[in-house]
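As a basis for the values below, the full set of heavy atoms in this structure was taken, side chains included, without hydrogen atoms, waters or symmetry mates.
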Amino acid sequence: MKKVCTKLFILFAAFALTAMPAAANANAVTSAKEPVPGAQGQQQTASLDLAPSARSAVLMDADSGTVIYEKDSNVKLPPASITKVMTMLLIMEALDDGKIKLTDKVPTSEYAASMGGSQIFLEPGEEMTVDEMLKGIAMASGNDASVAMAEKLAGSEQQFVVMMNEKAQQLGLQNTHFANCNGLPAADHYTSAHDIAVMSRELLKHSEITKYTGSYQDYLRKSSEKPFWLVNTNKLVRFYSGADGLKTGFTNEAKFCLTATAKRDNLRVIAVVMGEPNTKTRNAEVSQMLDFTFAQYTTHPIFKEGDTMGTIKVEKGAVREIPLVAKHPYSILLKKGAATQDIRYELQIDQPLKAPVAIGQSIGKLVVYQGDQVVKEFPVDAPQSIDKAGWFKLLKRSFGGLFS
């Protein structure tokens, strides 16, 4: 009897040791996904294959960055013309920073005009405005227009690619490296569905971009002898309700790719697929991903674009405090029907915040709670640069404090 008990104990111990790694791994996978308030059916969502034909896919809420669905989303793959999401992002940032204007003329070099693949047939020496070049990139996926803008902003495509990779690092993109600005096949040029979604989310913070990516047709050189009719390569902007971007891609290596965005009510969604077999399947699976989100989820606003979020005090700054205004919407993703009465937020600014402060510098975070649980944390950046106050101004403040 004693021998039988001993054998049973050994068998039980062996079984427990075998099961432990699997249980630990299961916990790791579960904790990797950000919780969606009220998402009791999240395990069911994880088991759905919304993009069965895609090599890789991801579905993301644009405002919060919450991942709703993913399939091999961190695999490094060739992105084809979806590369131009990063190109457009750097263009929009340059416009915001005042480095260029939409009316600026952009010359076409012989190198830019020599690009093959999708193009707007720029000729060497031809000039178009930044506005026209953006149309050519966003709608017609112009490889020539992309290079012309890269040269305008950085002096050369090579230097612009350095800027692209620096921006990728700033965004924390771990599976991305660019070798050109247009997505033509090249060694060491890759990204992932997840990284594309992050890039797309960043681009959509510049809300005016959808004026270009959401247009179905337009003209270039309309008043010239050679008018060029633009038709958006992303057919969803015409046929899917609420779709207004973002970028298609195709090469023999990458197959058919798409980063799409659609907005209904206050919910904006980003759907990315890579390696689809054809355009029909690509568009159908992206539509299915978007349909699923709009049917299952809603959004709870925290701040709308332009809302005052609070006031920032700056020690020894040229100004003592500045208002913090929402540059884009802040919201959290909810399952439809989820409770909202216990959702609250806190603006947590780094203390003490001392001058000098650079524009875009991380200065704290916006923390959203449901009850006592942290639902989402948004980084908060300085809205403007703040120089250190001179000694005379600081002296005046000190005396003012004594007599106030």
Side-chain angles (χ1 to χ4, degrees), residues 34-35 37 61-66 89 92-99 167 170-172 198 201-209 263 265-268 298-334 339-404:
E34 191 170 28
D61 169 38
D63 285 352
S64 68
T66 302
L89 174 57
M92 299 310 294
E93 288 186 341
L95 285 165
D96 280 358
D97 294 343
K99 295 177 181 177
K167 187 64 182 181
Q170 290 173 17
L171 294 175
V198 174
R201 182 180 175 227
E202 197 69 18
L203 178 59
L204 285 164
K205 290 178 181 178
H206 304 270
S207 55
E208 59 274 24
I209 191 62
K263 184 177 182 180
D265 297 323
N266 291 319
L267 177 57
R268 177 174 286 284
T298 186
T299 188
H300 180 75
I302 307 299
F303 289 110
K304 299 189 297 294
E305 183 177 353
D307 283 352
T308 299
M309 299 171 65
T311 302
I312 308 169
K313 294 184 178 181
V314 186
E315 287 190 11
K316 299 183 179 180
V319 292
R320 287 182 170 180
E321 57 183 33
I322 55 172
L324 185 63
V325 176
K327 294 188 293 183
H328 55 83
Y330 291 83
S331 66
I332 59 169
L333 190 70
L334 297 174
T340 60
Q341 64 269 18
D342 57 346
I343 294 175
R344 59 188 176 84
Y345 66 87
E346 291 179 5
L347 185 62
Q348 299 178 1
I349 301 300
D350 298 337
Q351 298 294 340
L353 184 61
K354 295 183 178 180
V357 177
I359 186 171
Q361 175 183 324
S362 176
I363 58 172
K365 58 188 177 181
L366 176 69
V367 185
V368 183
Y369 299 87
Q370 185 166 41
D372 294 328
Q373 180 186 5
V374 175
V375 175
K376 184 69 186 178
E377 292 185 358
F378 296 93
V380 175
D381 301 333
Q384 66 186 67
S385 295
I386 306 165
D387 294 329
K388 191 172 182 179
W391 68 269
F392 185 66
K393 179 175 284 190
L394 292 173
L395 186 65
K396 282 178 66 179
R397 286 181 188 170
S398 298
F399 280 111
L402 287 174
F403 298 104
S404 60

Does the side chain of [Y] come within less than 4.5 Å of [X]'s, by heavy atoms?
{"X": "D63", "Y": "P301", "result": "no"}
{"X": "L353", "Y": "E315", "result": "no"}
{"X": "P383", "Y": "K327", "result": "no"}
{"X": "M309", "Y": "I302", "result": "no"}
{"X": "I343", "Y": "I332", "result": "yes"}
{"X": "L366", "Y": "E377", "result": "no"}

Is the shortest side-chain N to carboxylate O distance from [X] to [Y] below 4.0 Å?
{"X": "K313", "Y": "E321", "result": "no"}
{"X": "R344", "Y": "E346", "result": "yes"}
{"X": "K167", "Y": "E93", "result": "yes"}

Is the backbone of [Y] close enough, under 3.5 Å, to the side chain of [X] for a donor and an acceptor to pair up by distance?
{"X": "K388", "Y": "A318", "value": "no"}
{"X": "R201", "Y": "A62", "value": "yes"}
{"X": "S331", "Y": "T299", "value": "no"}

Open item on the list: Please determine whether side-chain contact (heavy atoms from CB on, under 4.5 Å) holds for the pair L89 and L171, giving the CA-CA distance in whole Å, both sets of side-chain angles, and the decisive distance to 0.1 Å.
Closed with: CA-CA 12 Å; L89 174 57; L171 294 175; 4.2 Å; yes
Distance (rounded to the nearest 0.5 Å) between [X] [atom1] and [Y] [atom2]:
{"X": "H300", "Y": "T298", "atom1": "NE2", "atom2": "OG1", "answer": "10.0 Å"}
{"X": "Q384", "Y": "I312", "atom1": "CD", "atom2": "CD1", "answer": "8.5 Å"}
{"X": "S64", "Y": "R268", "atom1": "OG", "atom2": "CZ", "answer": "13.5 Å"}
{"X": "M92", "Y": "D97", "atom1": "CE", "atom2": "CG", "answer": "11.5 Å"}
{"X": "L324", "Y": "D381", "atom1": "CG", "atom2": "CG", "answer": "9.5 Å"}
{"X": "I386", "Y": "I359", "atom1": "CD1", "atom2": "CD1", "answer": "10.0 Å"}

TODO: Evaluate the criterion side-chain contact (heavy atoms from CB on, under 4.5 Å) for residue pair D307 and V325; output intermediate values, then yes/no.
DONE: CA-CA 6 Å; D307 283 352; V325 176; over 6 Å; no
Task: Sequence neighbours excluded, every pair satisfying salt bridge (Lys or Arg N to Asp or Glu O under 4.0 Å) that has a member inside residues 349-360 - done: none
Open item on the list: For Y330, give me all partners under ring-ring contact (aromatic ring centres under 6.0 Å, His included), at least two apart in sequence or on another chain.
Closed with: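 With sequence neighbours excluded, Y330 shows a ring-ring contact (aromatic ring centres under 6.0 Å, His included) to H328, F378, given in chain and number order.
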Open item on the list: Working note: Q373 + V368, criterion side-chain contact (heavy atoms from CB on, under 4.5 Å); need CA distance, chi angles, decisive distance, verdict.
Closed with: CA-CA 9 Å; Q373 180 186 5; V368 183; over 6 Å; no
Task: Stepwise side-chain hydrogen bond (donor to acceptor under 3.5 Å, both in side chains) test for T66 and D61 - done: CA-CA 5 Å; T66 302; D61 169 38; 4.7 Å; no
Task: Over all atoms of both residues, closest heavy-atom pair of A382 and A358 - done: CB-O, 3.5 Å
Task: Nearest heavy atoms of Y369 and V374, plus distance in Å - done: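 The answer is CE2-CG2, 3.5 Å.
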Task: D342, CG: over 12 other non-hydrogen atoms inside 6.0 angstrom - done: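 Result for CG/D342: enclosed.
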- [ ] Please report the C-alpha distance between D387 and V319 in whole Å, then the side-chain angles of each, then the deciding distance to 0.1 Å, and finally whether the side-chain contact (heavy atoms from CB on, under 4.5 Å) criterion is met.
- [x] CA-CA 8 Å; D387 294 329; V319 292; over 6 Å; no
